[in-house]
Amino acid sequence: MNQYIYEGPVMSFGKCLADKWISSTFASSKKKAENNLKYQYRKENNLAMTHKISLPGVLNICARGELDGKL
């Protein structure tokens, strides 16, 4: 599994919910990482799991240990 980090805005139906949100997750694919991050945002902000979220920012794969102490 790879570690992914997201840094950028969070959008919902064309409305900006957060200008800059940073989070990370471990996942087997980029698509799974994106879904994990959307779930994390919904959970952190008490949104319904059916609430449509988009992450138009940068999603990067990080080397193990690269983020230690940064998040």
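With values rounded to the nearest 0.5 angstrom, L55 atom CG is found 9.5 Å from S23 atom OG. The CZ atom of R42 lies 8.0 Å from the OG1 atom of T50; values are rounded to the nearest 0.5 Å. Between atom OH of residue Y4 and atom CD of residue E34 there is a gap of 11.0 Å, rounded to the nearest 0.5 Å. A distance of 12.0 Å separates CG of N60 from OG of S24, quoted to the nearest 0.5 Å.
Closest of all the heavy-atom pairs between S54 and K38 is CA-CE, 4.3 Å. What you find for T25 and A33 is that their closest heavy atoms are CG2-O, 3.7 Å. Scanning all heavy atoms of the two residues, the minimum distance from C62 to I5 falls at SG-CG2, 3.1 Å. Minimum interatomic distance between S28 and M1 (heavy atoms only, all atoms of both residues): N-SD, 4.1 Å. Across all non-hydrogen atoms, the minimal contact from L17 to Y41 is CB-OH, 3.5 Å. The shortest non-hydrogen separation linking M11 to C16 is SD-CA, 3.6 Å.
Screening Q40, E7, E44 for a side-chain hydrogen bond (donor to acceptor under 3.5 Å, both in side chains) with W21, the sole residue that qualifies is E44.
Hydrophobic clustering (side-chain heavy atoms under 4.5 Å, transitive across Ile, Leu, Val, Met, Phe, Trp, Tyr) groups I53 together with L37.
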